[in-house]
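The block underneath contains the structure these notes are about, expressed in structure tokens.
Count residues from 1 along the sequence.
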Amino acid sequence: MAPEITGYLPKAHDPNRFYRRIVVMLLFVVLLFAVLIGRLTYLQLLKSSDYAARAESNRKVVIPSTTTRGTVRDRNGELLAKNYWAYALEIRVADMARGKKLDDLLDEISEIVDITPGERRRFKRLKEEARRFESVPLLTRLTNEQVAQVIANRWRLPGVNIMPRIFREYPQKSTASHLIGYIGRISRSDIERIESEGLAESYQGIHQIGKVGIERSYEDILRGEPGHEMIEVTAGGRRVRSLGSIDAEPGKDLELCLDLNLQRVAENAFGTDTGAAIAIEPKTGEILAFVSMPTYDPNNFPNGIDPDVWKQLSGAPEKPLLNRAARGLYPIGSTYKPFMALAGLETGVITPYTTINDTGVFEYHNHRFRDASGTPKGKVDLFRSIVISSDVYYYWLASQIGIDRIHPFMQQWGFGQKTGIDIIGEQTGTLPDREWKRKRFRQFWFPGDTINLGIGQGYNQFTLLQLANAVATLANRGVVMTPHLVRRVIDRETGLSTALYQDPVRTIPLAWDHLDLVTRAMTEVTRTGTARKPFEGVKYPVAGKTGTAQVITIAQEDRYDKTKISREHHDHGLFIAFAPANDPKIAVAVLKENGGFGALAAAPIAREMLDYWITGENRLGLPAPSHLSHVPPGTAQRRQGAAK
């Protein structure tokens, strides 16, 4: 008989404790399943559409295709900006072999193809500006031999690629460079602007953008719209098939108002001197020439400029990158006098017969305002005051009209205002009045402040573009046109062109007999007046006016002596004109910086421009303008298009 077991079971064999563990484990498993079911419910039901979209996006990849930028031609069809295809050697730094230094990779590449120090410097600067994972060009316009050499060695050059690219070229090099401008790599600031304007999609696959000039101002038209192809890929990124594509839309072409040969004549006339010149067709506002000297070669910029070349251009004392025609601010000297004469006539302050005695000095409240020539001119009426350019007459006239009438009258002509030209970066300038001085200097306007305004000095600061526009308005008998550079936009796919005509902005109310008087006086300037020498033998009537503008203030008791001051402080020489005077076809404004007397410095340049446009005569052996040879503008372009 088995012995009877009494007492309690050991704790390790307590069945209740075991059951409790089973319950806890079951609850834990149930909780895990609940969490899993909840998560599955969240993912499969609530977030299914989001994750389906993500999966679809991982399956599909959009590859952008670049567009072809539009070309730019002058009014006769001569190319100013074009495109060409070439192979480029590019490096994607993110794909380089791990641990390899960039300089080492460049050294390896240089053993295969030549790399100049300038190309190295340019590449490193572009790399700093490039977006992450972006391919940066090292060499462009590779020859077939160079392409073959690189491809044969590409296996040992991770990150190096040979890519066919479209490049921009400016066939005329430095001619009209400030007008045409250039394109360049898209910078961080460009990206910020593009995104702020909501244009990010329009730049997918595009690496360059217009920076200045026509390239910048007509960027939206020249750029076109990029296309794209959507492809299906595996999880590893391997291409499976194409799901569809949208073709890129090429940019539209531009035909400018510019006559390239007139531009060449003007630039050649400047030689090595600095300055600017603008020619406008008065009746339409079309800009025929747009000169800023010195110029630069825009071909340095599209593929990234060599830092040393940039340093040379940006640091040069002649400031070749400054667009003097639209951004330079200058006093315009005696070229202001025809407009002051009209102000006096239109306000009734003077008549055509009002005469004063020019003693060589105008005294006003114990201040002496001296004539630039330093010699008395005797009795001077309005007509003669323009012909011989009497400063004293216009000192006196300004004091009689007063600032409160001078300012609104000159405002009508566009002085101290943007003209509305179709190029970005135009300066405003200064047409002073009482309010301007109060804000600028916190001072009242003194009567003596008005005196120098009469001869285009004092606080007056205008662009040459404003002066040229005012002269064109004078030639157009008060009808104000907006100066413009682009004549028509051409769709290369359809061949259709859209002319960009400009309607008159306004008409300045002027008495025609006053206009006739000023025009006759300006015509006499080129016959017997201050510009008679440079216009000897001219075969057509020219209405003109010389101007000499002080760069620094000379005390009234002193005489201007350019031998005693540095070159940069010499007077600016100016000249304005329109011709033929009785039926103007062209209006010009010329400024030679630090050139001295306008008749000697600026008038000869204007003479060459007018001779070419009116008669076809020139020193460069260029053919006559199309309007003289009866060849319609744009014929060369149409012939080239037909040949294609």
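Using a 4.5 Å heavy-atom cutoff, the side chains of N300 and Y296 are not in contact. Side-chain atoms of H407 and P432, non-hydrogen and from C-beta on, never get closer than 4.5 Å to each other. Using a 4.5 Å heavy-atom cutoff, the side chains of I209 and R193 are in contact. Using a 4.5 Å heavy-atom threshold, the side chains of Y218 and L254 count as touching. Contact check for V291 versus Q263: side-chain heavy atoms found under the 4.5 Å cut-off. Side-chain contact between K252 and I490 is absent, with no heavy atoms from C-beta onward closer than 4.5 Å. N323 has its side chain within reach of S292: a pair of non-hydrogen atoms, C-beta onward, lies under 4.5 Å apart. A 4.5 Å side-chain heavy-atom check between R324 and Y330 finds at least one atom pair inside the cut-off.
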Kindly determine whether L465 and L467 satisfy side-chain contact (heavy atoms from CB on, under 4.5 Å), including the steps that lead there.
-> CA-CA 5 Å; L465 178 60; L467 178 59; over 6 Å; no
For the pair D107 and R120, evaluate salt bridge (Lys or Arg N to Asp or Glu O under 4.0 Å) and give the outcome as yes or no after the intermediate values.
-> CA-CA 10 Å; D107 289 338; R120 284 195 181 223; 2.7 Å; yes
Candidate pair K173 and D297, rule salt bridge (Lys or Arg N to Asp or Glu O under 4.0 Å), full reasoning = CA-CA 5 Å; K173 295 184 170 49; D297 188 351; 5.9 Å; no
Steps toward salt bridge (Lys or Arg N to Asp or Glu O under 4.0 Å) verdict (K82, D253) | CA-CA 10 Å; K82 67 175 186 176; D253 299 335; over 6 Å; no
Apply salt bridge (Lys or Arg N to Asp or Glu O under 4.0 Å) to the pair R216 and E219, showing each step before the final yes or no.
-> CA-CA 5 Å; R216 168 71 179 89; E219 167 70 16; over 6 Å; no
Kindly determine whether F441 and W436 satisfy ring pair (Phe, Tyr, Trp, His ring centres under 6.0 Å), including the steps that lead there.
-> CA-CA 8 Å; F441 297 108; W436 172 85; 5.7 Å; yes
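Using a 4.0 Å cut-off between a side-chain N of Lys or Arg and a carboxylate O of Asp or Glu, K439 and D433 do not qualify as a salt bridge. Classification of E255 and R73 as a salt-bridged pair fails, no side-chain N sitting under 4.0 Å from a carboxylate O.
Between the side chains of S189 and E192, no donor N or O sits under 3.5 Å from an acceptor N or O. Of the N and O atoms on the side chains of R168 and Y84, not one donor lies less than 3.5 Å from an acceptor on the other residue. In this structure, a donor-acceptor pair under 3.5 Å is absent between the side chains of T67 and E249.
Judged by distance alone, with hydrogens and angles left aside, the side-chain atoms of Q466 form a donor-acceptor pair with the main-chain N or O of G416 at under 3.5 Å. In this structure a side-chain-to-backbone donor-acceptor pair under 3.5 Å is present from R69 to E215. Using modelled atom types, one side-chain atom of Q208 and one backbone atom of P302 make a donor-acceptor pair closer than 3.5 Å. Between the H178 side chain and the P320 main chain, a donor and an acceptor come within less than 3.5 Å of each other. A donor-acceptor distance shorter than 3.5 angstrom exists from the side chain of D74 to the backbone of G77, with no hydrogens or angles considered. In this structure, R122 contributes its side chain and L138 its backbone to a donor-acceptor pair below 3.5 Å. With hydrogens and angles disregarded, no donor-acceptor distance shorter than 3.5 Å links the side chain of Q427 to the backbone of A326. Of the possible donor and acceptor atoms, none in the side chain of T463 sits under 3.5 Å from a partner among the backbone N and O of L329. Using a distance-only test at 3.5 Å, with no hydrogens or angles considered, no donor-acceptor pair links the side chain of E78 to the main chain of L260. Looking at K211, its side chain never comes within 3.5 Å of a backbone N or O of F301 through a donor-acceptor pair.
With D422 as reference, V486 is the one residue of V486, L500, I287 to meet the side chain to side chain contact (heavy atoms under 4.5 Å, CB included) rule.
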